[in-house]
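Structure record follows, encoded as structure tokens.
Not measured: the values here are computed from a predicted model. For ligands, and for the atoms within them, numbers begin at 1 and follow the listed sequence.
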Amino acid sequence: MNIDINVIGLGYIGLPTALIFAKNGFRVVGTDYNNDIVESLNNNKLTFDEKGMEELFDIALKNSIKFSSDYQKCGMYIVAVPTPYDKFSKKIDDKYIKIAVESILNICESGSIIVIESTVSPGTINKSIKPLVESKGFVVGKDIYLVHAPERIIPGNMVYELEHNSRTIGSDDKIIGEKVASMYEKITQGGVITTDIKSAEMSKVVENTYRAVNIALSNELAKICNHDGMDVYEIIKICNMHPRVNLLNPGPGVGGHCIPVDPWFLVGDYPTLTNVIWESLKVNESMPEYVLRRISEIMDENNIKDYGKVGLYGLTYKENVDDYRESPSLQLLESQKNHLASPLKVYDPFIEKDIVDNQYHDLKSFLDDVQIVVIMVKHQEIIDFMKLLEGKIILDTQNICNIKGTYKI
Ligand code: SAJ
């Protein structure tokens, strides 16, 4: 069959993107170098849980979506591979994009469009990807077109957001930008704005930086309020009544692969110009250790000496998802290893396999074994079963527990 789109990378972004284009009548092949993912999808089995994905998958299958570990000849490639940052230089590590683009160039025909959805620091596509394309003998803007279409979907509500969020299409060629925009207009009701590549790259990184800085401010306020006997949630609630104030929530840290990562691209590229961003990232990174300190204070106050009596509820990086990448709980457990003798106990209803020591797979036996419960993640389960926490000492980092005597961060 003739293929319209080959989506490269079938992870949290690439897979739903491939499915949504297939749902809207495009002939799609999804490609991943990981054979297990391809095999599972070809056996009609999704590779992660996400609201609305089963239904979307069924429709895409009916519309003949295919999955393969081979790249395909087609008019448009969508690249959705990870873009980590180098922990030392803080700069973006674009090796996965380069591998994907090189593989595309090995098979594609002249006139193909390569759309990068992965988040990249401003300038990456023209500084790093364009020379790679040219080194293979192609002329960018004639044989191959480069476009940036940064994704914006939030885990937990991806399918809805794919169909409703507005999109940015960055292209240095107006006609190609409009062509790609018209394809994205078919998948979203949210509208599509076109701009140049660098502005699209920058705006995506700024969106996540905005959120990181806003969360950092709330985290700092939580520390100030705790230090001086004020209720940070009461204060945020009041401040947010102001029509031009919208503070986010403090928490045990910032996880996932976007908000704690993307702002570092700016610090890496503009080190002398990024004071607010740098300090904000540091504040967010300090939160798991801060929660650990709060745990020690609460143990002292309640005369509990054994850390084995403390249980963390939640291992994922946020509520109601099964993704634990860079999660605050994992960060906390990592620092705890450096300081404390007996390990904390841990439970998360979304994590079936053992990923840390002392991990429980059943809420009741977890609660039976601990005296202090630290609510790290506000999964629906704990909201529904909050009554089971009565009689425990509770540290609630999510402000969801009304039981008398509950400690806050
Ligand atoms: N968090 C707080 N306080 C808050 C909100 C979140 O501490 O008030 C924490 C969460 O618990 C979590 C972390 O921040 O650990 C990040 O979660 P998130 O829900 O804010 O964001 P992500 O990483 O799941 O998704 C973000 C989104 N970006 C924005 O909202 C600007 C999403 O739209 C992007 O597509 C995604 O990053 C991405 O891939 O870039």
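Under 4.0 angstrom from ligand 1, there are no non-hydrogen atoms of Glu319. At a 4.0 Å heavy-atom cut-off, ligand 1 touches Ile153 through the backbone alone. When non-hydrogen atoms are compared, ligand 1 lies under 4.0 Å from the backbone of Arg152 (N, CA, C, O) but not from its side chain.
A cation-pi arrangement is present between Lys223 and Tyr290 under the rule of less than 6.0 angstrom and at most 45 degrees off the ring axis. A cation-pi arrangement, defined by a distance under 6.0 Å to the six-membered ring centre and an angle within 45 degrees of its axis, is present between Lys87 and Tyr85.
Using cut-offs of 30° and 60° for the angle between ring planes, the Phe67 and Phe57 rings count as tilted. Between Phe350 and His379, the angle of the ring planes lies from 30° to 60°, which puts this pair in the tilted group.
The protein atom (non-hydrogen) at minimum distance from atom 30 (O) of ligand 1 is Arg211 CD, 3.1 Å. Closest to atom 21 (O) of ligand 1, if we only count protein heavy atoms, is Ile259 CD1, 3.4 Å. The nearest heavy-atom contact from the protein to atom 1 (N) of ligand 1 is Ile215 CD1, 3.5 Å. The nearest protein atom to atom 12 (C) of ligand 1, hydrogens excluded, is given as Tyr317 O, 3.3 Å; this is a heavy-atom distance. When hydrogens are left out, the protein atom nearest atom 19 (O) of ligand 1 is Lys318 NZ, 2.8 Å; that is the closest non-hydrogen contact. In terms of protein heavy atoms, atom 37 (O) of ligand 1 is closest to Cys258 CB, 3.2 Å.
Taking Asn249 as the reference, nothing meets the side-chain hydrogen bond (donor to acceptor under 3.5 Å, both in side chains) condition, with sequence neighbours excluded.
Considering only non-hydrogen atoms, atom 31 (C) of ligand 1 lies nearest to Asn208 out of Val321, Asn208, Asn214, Val254. In this structure, of Ile13, Asn249, Asp323, the residue bringing a heavy atom nearest to atom 3 (N) of ligand 1 is Asn249. Among Thr209, Ile154, Thr119, Asp262, the residue whose heavy atom lies closest to atom 27 (C) of ligand 1 is Ile154. Considering each of Ser118, Gly256, Gly255, Gly253, the one bringing a non-hydrogen atom nearest atom 16 (C) of ligand 1 is Gly255.
Classification of Glu39 and Lys45 as a salt-bridged pair fails, no side-chain N sitting under 4.0 Å from a carboxylate O. Ionic pairing of Arg167 and Glu151 is not present here: no N-O contact between side-chain nitrogen and carboxylate oxygen is shorter than 4.0 angstrom. With salt bridges taken as basic N to acidic carboxylate O contacts below 4.0 Å, one links Glu178 and Lys174. By the 4.0 Å N-to-carboxylate-O rule, Lys408 lies close enough to Asp396 to be salt-bridged with it. A salt bridge links Asp323 with Arg325; the closest basic N to acidic carboxylate O contact falls under 4.0 Å. Glu207 and Arg152 are joined by a salt bridge, as a carboxylate oxygen and a charged side-chain nitrogen come within less than 4.0 angstrom of each other.
The Lys204 neighbourhood of ligand 1 comprises atoms 34 (C), 35 (O), 38 (C), 39 (O), 40 (O), with distances under 4.0 Å to a heavy atom of that residue. Short contacts between ligand 1 and Glu151, defined as distances under 4.0 Å to a heavy atom of the residue, involve ligand atoms 35 (O), 38 (C), 39 (O), 40 (O). Close contacts between ligand 1 and Pro155 involve ligand atoms 24 (O) [criterion: under 4.0 Å to a heavy atom]. Less than 4.0 angstrom separates some heavy atom of Glu207 from each of these atoms of ligand 1: 31 (C).
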